[in-house]
Structures are given as structure tokens and as C-alpha cells.
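To start, the structure itself, in C-alpha cells.
All chains are named by letter (A, B, ...) in the order of the sequence lines, taking the proteins before the strands, and each is independently numbered beginning at 1. No hydrogens, no waters, no symmetry mates; every other heavy atom, side chains included, goes into these values.
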2 protein chains.
Amino acid sequence: MQNLSKNQQIIFDLIDKSPEPLKAYSILFNVQKRGIKAPLQVYRALDKLVEIGKIHKIESRNAFIACQNSSCQISKATAFSICESCEKVTEINNSNLSKYLTGFKDKNGMKYNKYNLEFFGLCKKCVSKKS
Amino acid sequence: MQNLSKNQQIIFDLIDKSPEPLKAYSILFNVQKRGIKAPLQVYRALDKLVEIGKIHKIESRNAFIACQNSSCQISKATAFSICESCEKVTEINNSNLSKYLTGFKDKNGMKYNKYNLEFFGLCKKCVSKKS
DNA sequence: TACAAAATGTTATATTATAACAATTTAACT
DNA sequence: AGTTAAATTGTTATAATATAACATTTTGTA
Ligand SMILES: [Zn+2]
Ligand SMILES: [Zn+2]
Ligand SMILES: [Zn+2]
Ligand SMILES: [Zn+2]
């Protein structure tokens, strides 16, 4: 478990304390006062943080959240729930699900080493608002 | 089952006959000879085609493929296998998987009405190349 | 200290996607 | 056929997301 570099730490801290997924340019804006001035500095840190599993990219939103699953140090099996109304994103930590998907074999014989799953719906809060 | 408009048909035909996912600007380039000149014309057709389930967006690639599953008219339960070497993408049609995921309930009580799953690995061809 | 790997800094540019507004076509209803 | 609303199209401009290329600095390690 390596330590984070300066830029990586700054950007991880920001994402980790955010209650919602952050987009790259929103991150850039927020860390400019800390000396990170260019998009590439942000993207490089994001790439590394994703690679080591400290954050995940929510592909459908082009946004990043801190890993909420302590055992998920390498991002090879990720699942999220996304509220289509308030955009709240939660990482799903369900061993039944991860076992099922990790063991899944398609009929084409391809063996998978990674997956990403995104569920969409309405969170409890938003469901009750609409009823 | 509505008919497609002119632009929608042109763009669907292109995607449908492509052996690989197509990106929006690659589509634009390819349909310019047919009178579609602006990105927005492409994106609007793509949006509609996704909405009615004729094509799917591969989120991790920002690319689009025709639905390979005749029963998948509304894109609410999609799963794909993606080769990380040759980038071949296949839509997975597995009733066991779709049943499992459609019925999946998280402990937070959120009920999902849609999901997208992307598996990554090496296709048979690419596995044998490397061995 | 010397070396290699990783990280940083910087400018420019590529790629993906939407805003805003006007005009035209299509479909449904008198 | 005439009226109307919805969907689609056309067009220009711009926003948002992401990478290329190159030089320099820092870090870990022999
Ligand atoms: Zn995680
Ligand atoms: Zn919500
Ligand atoms: Zn499909
Ligand atoms: Zn392959």
C-alpha cells in the first residue's frame, strides 16, 4: 500500500469528503488554490487513483467517487446504484452479487477479469417525494 | 414500433452494419456524404435510437452499437463483454443473468428500473495470440 | 552518488456533447 | 382540405471532457 503523491492526495481528499461524485473540471476548479492548475494534472491523479482502487469512475456520469468498500483496493468488480432524480450514487457492497458476477461465464467462452455495473432508479427519498 | 426518421435511419444503418462500436464523430464523418453535417444531428438521432432500444451506448468507450438482442426493445437491462485488447464488444443475452440483475435488491431498499453491465477481459482470439 | 521510475509543470490541442433559435415535416384531429 | 401540436431537422456557436508532446523535478533504490 503505497503512499499518495502530493497531487494525488489533494485530489483524493477532495473526492473523499464529497457527498457526491465529482467531475474532473469541478475538481480542477476546487484545487486551483492548492496549486494544481492544469486539467492534465487532475487527470493524471485521477488515473492513478482509479488504478489503485482509491476512487472509481462512474462511467455514465463521467464523475468520480471515493471507494466506499474497504476491501475493494483494486477496481475490478464495481457496482453502483444511481438515483436518476437526485443523482445520489452509492457503491454496492454485496458479496452475493460480486460472487455471481465474478463467476459469470458467457457462452462465448470469454473469461472476464473485470466488470462494472451501474443500477439506475429512484432512491427512497426521491420515491417518497413523488408519491 | 414506430418507423425511423430519415436521419435516424441513416445513422442506424451505419451502426447496424458496423462490426464494432462507432463513436459519434466517426458516425458524423461517415454520414456527411448523406447530408448530415452537424454533430447535433448525430447526437439527436443517437439519443432517439438509444431511447427506443435500437442501439446501446457503451459507456466506458463513448461508442454505440446496434442492439443484438431482438427482445431488447427498451434499453433497461443491458450487458456487454468488451475485449481490452481488440476492443471487440458483444451484447450478452443471458436470461439467467438478466433475471438475477432485474430482481436484485440492494439492502438500502432502492428499487432499480434499469441497469448497465460491462464485463472486461480478453476474447478467445486475443487470449490465444498472447499464449 | 548515480540511476531509473514516477510524478510534476506547461502549453496546446483533440474529442465528446449541448445551448439556443429558426424552419420544416409529420401525424392526428376537425 | 385546413388546423394544430409534436417531432424532426438545420445551423452556428460554445461547453465539457480528455489527451499529446515535451521539459523538469522528485522519489526510491542500488
Ligand atoms: Zn470500491
Ligand atoms: Zn434520489
Ligand atoms: Zn440490446
Ligand atoms: Zn480481442
query: Rounded to the Å, how far apart are L46(B) CG and dT8(D) P?
result: 14 Å
task: Any chance you could lay out the side-chain hydrogen bond (donor to acceptor under 3.5 Å, both in side chains) test for S60(B) and E59(A), step after step, and finish with the verdict?
output: CA-CA 6 Å; S60(B) 65; E59(A) 292 286 356; 5.5 Å; no
task: Could you tell me how the ring of Y100(B) sits relative to the ring of Y100(A): parallel (under 30°), tilted (30 to 60°) or perpendicular (over 60°)?
output: parallel
query: How about F120(A) and Y112(B): are their ring centroids closer than 6.0 Å?
result: no
field: same_hphob_cluster(I27(B), I52(B)) at 4.5 Å side-chain heavy-atom cutoff
entry: yes
task: Five pairs at each end of the helix from dT1(C)-dA30(D) to dT30(C)-dA1(D): take the axis at both ends and give me the angle between them to 10°.
output: 40°
query: Any donor-acceptor pair under 3.5 Å linking the side chain of Q8(B) with the backbone of A45(B)?
result: no
- prompt: Rounded to whole angstrom units, what separation is found between the CG atom of L28(A) and the C1' atom of dG9(C)?
  reply: 13 Å
query: Does a side-chain N or O from S5(A) land closer than 4.0 Å to OP1 or OP2 of dA6(C), or not?
result: no
field: Distance below 4.0 Å between N3(B) side-chain N/O and dA27(C) OP1 or OP2
entry: no
- prompt: To the nearest angstrom, how far is R44(A) atom CZ from dT10(C) atom P?
  reply: 11 Å
field: Test: E20(A) and K88(A) ion pair at under 4.0 Å
entry: no
- prompt: To the nearest angstrom, how far is N7(B) atom CG from dT24(C) atom P?
  reply: 16 Å
message: Less than 4.5 Å apart, side chain to side chain, heavy atoms only: is that true for I82(A) and F119(A)?
response: no
query: Any side-chain N or O of K37(B) under 4.0 Å from OP1/OP2 of dG10(D)?
result: no
message: Could you check whether any side-chain heavy atom of K23(B) comes within less than 4.5 Å of a side-chain heavy atom of F64(B), counting everything from C-beta outward?
response: no
query: Are any side-chain N or O atoms of S98(B) and backbone N or O atoms of S95(B), one a donor and one an acceptor, separated by less than 3.5 Å?
result: yes
field: Length of the line joining I36(A):CD1 and dT25(D):P, which is rounded to integer Å
entry: 19 Å
- line: In whole angstroms, the gap separating P of dA6(C) from NZ of K48(A) amounts to 7 Å
- prompt: CD of Q9(A) versus P of dT27(D): gap in Å, rounded?
  reply: 14 Å
- line: L4(A) atom CG is separated from dT27(D) atom C1', nearest whole Å, by 15 Å
- request: Take nucleotides 12-19 of chain D nucleotide by nucleotide from the 5' end and write B, S or -, depending on whether a protein heavy atom sits under 4.0 Å from the base, only from the sugar-phosphate, or from neither.
  value: B----BBB
query: Closer than 4.0 Å, any side-chain N/O of Q41(B) to the OP1 or OP2 of dT9(D)?
result: no
